[in-house]
Amino acid sequence: MRRLLNVVNLTTPAGLALARAGRCRICRGPDGLVLAEGWSWTLPKAAAFTVGNVVLYRSRAAPLFRPGTGGPGSSPLLRHEARHSSQYAGLGLAFLPLYFLAAGVSKLRHGDPASGNIFERLAGLDDGGYRRTVSPAPSRAPSPLRHPRPRRNGRKWRF
């Protein structure tokens with residue numbers, strides 16, 4: 001079903017176009033995924049990323065896509081990218097701006113674009129090779145940019 005949805009919502013064709021533009025070697029992967037090895041463009045900086053059912057990855061990451069002892073598709077990174085493929089099936093091309101928004105919020109709150117990113121968390125931070133960070137504790141001190149709101153006490157306003 002994921003494979004069909006990602007073709008219909010045009011994310012897999014977009015992924016294949018990227019793979020061809022990046023001159024990646026394309027082969028079939030497990031569970032309807034397409035593996036595109038040899039991504040060499042500067043962005044994104046990640047070792048691997050997914051567009052639709054197409055997993056694009058740098059050659060240095062190729063060993064991470066080899067199946068483990070659990071059979072085909074048991075590579076943790078491949079499982080992580082397969083989950084992103086499922087996210088595309090549900091959101092279509094809207095996944096991209098939503099992902100980048102979530103990455104920006106994560107960068108601001110956690111100092112990195114992944115640990116607080118809902119899409120990365122749902123895909124499995126550990127499988128994706130990301131570290132978990134704890135969000136900073138909220139400050140009790142009032143922000144210098146905010147003025148305290150006046151409160152009404154009886155008929156008088158208190159500041």
Are there more than 12 heavy atoms of other residues, nucleotides or ligands under 6.0 Å from atom CZ of Arg58? yes
Same apolar cluster (I L V M F W Y, side chains within < 4.5 Å links), Ile26/Val55: no
Sub-4.5 Å side-chain heavy-atom contact between Thr11 and Phe95: no
Side chain to side chain, Leu56 and Val51, heavy atoms closer than 4.5 Å: yes
Shortest non-hydrogen contact between Arg60 and Ala47, atoms and distance: NH1-CB, 3.7 Å
CZ-CG distance between Arg28 and Leu33, expressed to the nearest 0.5 angstrom: 12.0 Å
Leu78 and Pro30 have their tightest heavy-atom pair at CD2-CG, 3.5 Å
Enter the distance from Leu64:CG to Ser75:OG here, rounded to the nearest 0.5 Å. 6.5 Å
Please evaluate residues Glu37 and Cys24 with respect to the criterion side chain to side chain contact (heavy atoms under 4.5 Å, CB included), reporting the C-alpha separation (whole Å), side-chain torsions for both, the decisive distance (0.1 Å), and the verdict. CA-CA 5 Å; Glu37 181 183 347; Cys24 296; 5.9 Å; no
Test item: Ser85 side-chain N/O and Gly52 main-chain N/O as donor-acceptor pair under 3.5 Å: yes
Applying salt bridge (charged side-chain N to carboxylate O under 4.0 Å, His left out) to Asp127 and Arg83, what does each step give before you reach the verdict? CA-CA 10 Å; Asp127 284 349; Arg83 291 180 195 121; 2.9 Å; yes
So which atom in Tyr130 and which in Ala114 form the shortest heavy-atom distance, rounded to 0.1 Å? CD2-CB, 3.3 Å
In this structure, would Leu10 and Leu5 fall into the same cluster of hydrophobic residues linked by side-chain contacts under 4.5 Å? no
Residue pairs meeting ring pair (Phe, Tyr, Trp, His ring centres under 6.0 Å), one or both in residues 19-42, sequence neighbours left out, come to Trp39-Trp41, Trp39-Phe49
If you round to the nearest 0.5 Å, how far is CD of Glu81 from CG of Asn53? 12.0 Å
Is Leu96 linked to Leu122 within one hydrophobic cluster, defined over Ile, Leu, Val, Met, Phe, Trp and Tyr using a side-chain heavy-atom separation of less than 4.5 Å? yes
From the options Ile118, Leu101, Asp112, select the one residue that forms a side-chain contact (heavy atoms from CB on, under 4.5 Å) with Ser106. Asp112
So, taking the atom named CZ in Arg25 and the one named CG in Leu35, what distance separates them when rounded to the nearest 0.5 Å? 12.0 Å
Ser115 backbone acceptor or donor facing His110 side chain under 3.5 Å: no
According to salt bridge (charged side-chain N to carboxylate O under 4.0 Å, His left out), who are the partners of Arg20, at least two apart in sequence or on a separate chain? none
Minimum heavy-atom separation for Ala102 to Asn117, with atom names? CB-OD1, 3.4 Å
Between Val34 and Leu18, is there a shared hydrophobic cluster once you connect ILVMFWY residues whose side-chain heavy atoms come closer than 4.5 Å? yes
All N/O donor-acceptor pairs, side-chain side in residues 86-94, below 3.5 Å, sequence neighbours left out:
from, atom 1, to, atom 2, distance (Å)
Ser86, OG, Arg2, NH1, 3.3
Ser86, OG, Ala82, O, 3.4
Gln87, OE1, His84, ND1, 2.8
Gln87, NE2, Phe119, O, 3.0
Tyr88, OH, Thr50, O, 2.9

Can you see which heavy atom on Ser59 is nearest to which on Pro63, and at what distance? O-CD, 4.2 Å
Any heavy-atom pair between the side chains of Asp126 and Pro76 that's under 4.5 Å? no
Checking side-chain polar atoms at under 3.5 Å, does Glu120 have a donor or acceptor matched by the opposite partner on Tyr99? yes
